[in-house]
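Notes to accompany the following structure.
A note on names: the letters A, B, ... follow the listed sequences, proteins ahead of strands, and every chain is numbered from 1.
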Amino acid sequence: MAELKIFNSLTRQKEIFTPLTPGYIGMYVCGPTVYSDVHLGNCRTFISFDIIYRYLKYLGFKVRYVRNITDAGHLEGDRDEGDDKFSKKARLEQLEPMEIVQRYTLGFHKVMELFNNLPPTIEPTATGHISEQIEMIKHILSNGYAYIVDGTVYFDVEKYNKEKPYGILTNRKLEDLLEGTRELGGQDEKKGRLDFALWIKAKPEHLMQWPSPWGMGFPGWHIECSAMSGKYLGKEFDIHGGGMDLAATHHTNEIAQSQACFHVSPARYWIHTNMLTVNGARMSKSAGNGFLPGELFTGNHKLLEKAYSPMTVRFFMLQTHYRSTLDFSNEALQAAEKGLKRLWEAYEILDQIKLDTTEDNPNIIDPILDDKCKNLVAGFDEAMNDDFNTARVLANMFELVPIINSIKGGQIAPGSLRKDTLELMQKQLRIYLPGIFGLRDEKSNDSGILDGVIELLIQIRKDARNRKDFATSDKIRNELLIQGIALKDEKNGGTTWSLL
RNA sequence: GGUCCUGUGGCCGAGUGGCUAGGCAGAGCUCUGCAAAAGCUCGUACAGCGGUUCGAAUCCGCUCGGGACCUCCA
């Protein structure tokens with residue numbers, strides 16, 4: 001197996017990946033906070049990690065993929081007091097907090113399914129792990145890295161920083177961080193401005209609260225990931241991932257918590273995916289420039305010229321490296337839509353080529369072309385091993401497309417490629433397109449009746465063409481086109497059709 | 001202010017110090033009753049200015065422009 005290289009945010013360089021236990025990988029990815037619909041920026045992260053997950057499995061690793069659902073404790077404001085997001089939303093909508101959680105969890109799963117993301121192997125919830133979080137906080141307290149103020153437990157960042165570099169993940173010095181922190185005003189019960197809450201005292205009217213050694217309250221945001229990753233993957237595990245926006249606070253605090261509790265940094269490799277942007281600015285909930293998946297699939301959004309399918313969006317994301325920002329535009333999406341169609345059709349053509357059993361004829365084989373194909377296919381793994389470079393894999397695939405089409409169109413003589421080369425191409429494209437890249441056919445499947453009807457029309461049109469009755473034949477083709485069905489006359493006299 | 005990232009042909013986007021991805025759009029040609037599709041060919045781009053080097057889009061410096069994080073957000 002060739003070496004897999006991963007860009008590790010912690011060291012800011014590509015490193016050869018070696019798992020803690022040979023053959024096994026523990027991967028934790030920060031999941032959604034289910035108090036509202038996921039937007040496309042969130043989806044990008046989960047699609048990126050879905051491809052990473054699929055590729056790791058392809059490499060033969062047994063992967064435990066943990067992605068949490070945050071359903072408690074995520075504070076609304078930037079101060080560690082006040083309502084959590086669920087209580088606030090619940091009050092607005094006159095619902096139980098768990099109804100909010102249920103609604104948006106289901107919605108999230110639906111969207112993940114539409115994008116053809118595999119489910120993680122474990123999807124733990126914060127509310128399901130309150131006791132684990134309390135246990136961890138107790139440890140951090142007894143280790144001396146936290147303090148209690150009136151029922152709320154804070155992490156002592158400055159004390160921690162005396163022993164371990166707090167800003168290690170984003171390469172920041174504590175002094176710089178302190179300098180950069182804005183005065184937030186209000187009475188602050190924290191000792192240090194960077195201190196964050198592990199456990200928050202609940203007011204009586206709080207809808208979500210649990211008993212703890214420090215009284216009724218709810219957990220801080222960061223502790224859930226530390227507690228759950230620790231529980232399912234161990235104190236130290238292989239990969240921790242999430243969006244880049246989480247690195248500076250959430251992941252920084254996770255590292256501090258794990259160090260303060262277990263004296264070990266939780267993950268050996270940190271993978272951060274970059275942001276999806278709209279007109280150059282980050283798509284985010286607070287900026288209000290987010291697209292919801294549903295708006296995209298229906299085209300019902302003021303910035304969208306048309307609807308785009310889930311696979312178009314997935315393909316669109318694959319064309320960019322996960323660590324680059326990706327800008328969202330109609331033009332780029334339309335380019336992706338056409339590119340995907342072309343690629344997928346070539347894939348289907350290739351897949352349908354039957355390999356006959358006769359021996360290769362060395363006189364017909366084109367060794368240069370044959371080598372080119374082999375190298376292009378070999379380049380798939382090579383590109384993926386280089387920090388999951390999906391864009392380069394696609395570039396190689398697109399170089400195969402004209403070759404595949406030429407085999408069908410006759411520009412390349414049959415037998416020009418060795419049979420084992422063709423077989424390799426079929427196998428690897430099957431592994432990569434529906435497999436690792438998770439693309440799937442979006443043509444309607446229940447077209448059994450449609451099939452018959454179209455075939456009939458094609459037959460009628462063929463008769464008309466044979467009579468040179470082009471008025472009729474063109475009418476059939478044009479009318480079908482209006483219905484979204486395109487006819488293509490092939491060189492051999494046959495006609496194929498496809499849904500637009 | 002601090003920590004970083006980034007600036008590639010009309011658009012989107014990979015990229016290794018020399019072999020100059022790929023997609024979309026555009027032009028021409030082939031095929032075709034016409035069309036679509038497909039095939040072939042074509043635009044020779046790397047913000048600017050210096051420097052290192054035999055050689056840099058790729059390394060270094062400066063300038064200008066964009067963005068992220070430092071405050072809830074994947």
Considering only the [atom1] atoms, how many Å lie between [N] and [M], rounded to the nearest integer?
N      : M      : atom1 : result
U30(B) : G23(B) : P     : 23 Å
G61(B) : G7(B)  : P     : 16 Å
U6(B)  : C59(B) : P     : 10 Å
U8(B)  : A45(B) : P     : 14 Å
G51(B) : G17(B) : C1'   : 15 Å
C12(B) : C46(B) : P     : 16 Å
A56(B) : G1(B)  : P     : 34 Å
U32(B) : G39(B) : C1'   : 13 Å

Distance, rounded to the nearest Å, where [X] contributes [atom1] and [N] contributes [atom2]:
X       : N      : atom1 : atom2 : result
H222(A) : A74(B) : NE2   : C1'   : 15 Å
Q334(A) : A25(B) : CD    : P     : 10 Å
L394(A) : C24(B) : CG    : P     : 12 Å
F196(A) : C72(B) : CZ    : P     : 12 Å
Q319(A) : C12(B) : CD    : C1'   : 7 Å
L333(A) : C11(B) : CG    : P     : 17 Å
W270(A) : A74(B) : CH2   : P     : 15 Å
E382(A) : A21(B) : CD    : P     : 16 Å

Let me spell it out: for each of L40(A) and R172(A), pick the nucleotide of RNA chain B with the closest heavy atom. Which residue's pick is nearer the 5' end? R172(A)
Closest nucleotide of RNA chain B for F315(A) versus for R323(A): which of these residues is on the 5' side?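 Its nearest nucleotide being more 5', the pick is R323(A).
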Reading nucleotides 32-46 of chain B 5' to 3', which nucleotides get B (base under 4.0 Å from a protein heavy atom), which S (sugar-phosphate only), which -? -BBBBSSSS------
Heavy atoms only, 4.0 Å cut-off, all strands: where does [X] land among base, sugar-phosphate and nothing?
X       : value
E399(A) : sugar-phosphate
G31(A)  : sugar-phosphate
N171(A) : sugar-phosphate
L276(A) : base
N478(A) : nothing
H321(A) : sugar-phosphate
M397(A) : nothing

Counting only Watson-Crick or G-U wobble pairs whose two distances fall under 3.5 Å, which nucleotide matches [N]?
N      : value
G1(B)  : C70(B)
G9(B)  : none
G39(B) : C29(B)
A45(B) : none
U58(B) : none

Ring centroid separation for F46(A) and Y53(A), is it under 6.0 angstrom?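 No, the ring centres sit 6.0 Å or more apart.
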Taking the six-membered ring for Trp, are F218(A) and H206(A) parallel (under 30°), tilted (30 to 60°) or perpendicular (over 60°)? tilted
For C5(B), take OP1 and OP2 only and decide whether either is under 4.0 Å from a side-chain N or O of N274(A). no
Can you check whether S324(A) has a side-chain N or O nearer than 4.0 Å to OP1 or OP2 of A14(B)?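 Affirmative; the distance criterion is met.
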Please step through side chain to side chain donor-acceptor pair (under 3.5 Å) for the pair Y104(A) and D71(A), ending with a clear verdict. CA-CA 10 Å; Y104(A) 292 112; D71(A) 59 352; over 6 Å; no
For I353(A), does its backbone N or O pair with a side-chain atom of Q426(A) as donor and acceptor, under 3.5 Å?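 Present.
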From G13(B), G2(B), G15(B), nucleotide with atom closest to R392(A) side chain: G15(B)
Could you check D387(A), T45(A), T390(A) and say which one makes a side-chain hydrogen bond (donor to acceptor under 3.5 Å, both in side chains) with Y322(A)? D387(A)
Sole candidate of H272(A), H251(A), H240(A) that passes side-chain hydrogen bond (donor to acceptor under 3.5 Å, both in side chains) when paired with S9(A): H272(A)
Under a 4.5 Å cut-off applied to non-hydrogen side-chain atoms, are F470(A) and K468(A) in contact? yes
Heavy-atom side-chain proximity of V111(A) to F115(A) below 4.5 angstrom: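 Yes, at least one pair of side-chain atoms sits under 4.5 Å.
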Could you tell me which residues satisfy side chain to side chain donor-acceptor pair (under 3.5 Å) with H222(A), sequence neighbours excluded, listed by chain and number?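 Residues passing side chain to side chain donor-acceptor pair (under 3.5 Å) with H222(A): H250(A), N253(A).
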Would R67(A) count as a cation-pi partner of F49(A), with NZ or CZ less than 6.0 Å from the six-membered ring centre and within 45° of the ring normal? no
G43(B) glycosidic torsion: syn (within 90° of 0) vs anti: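 Base orientation relative to the sugar is syn.
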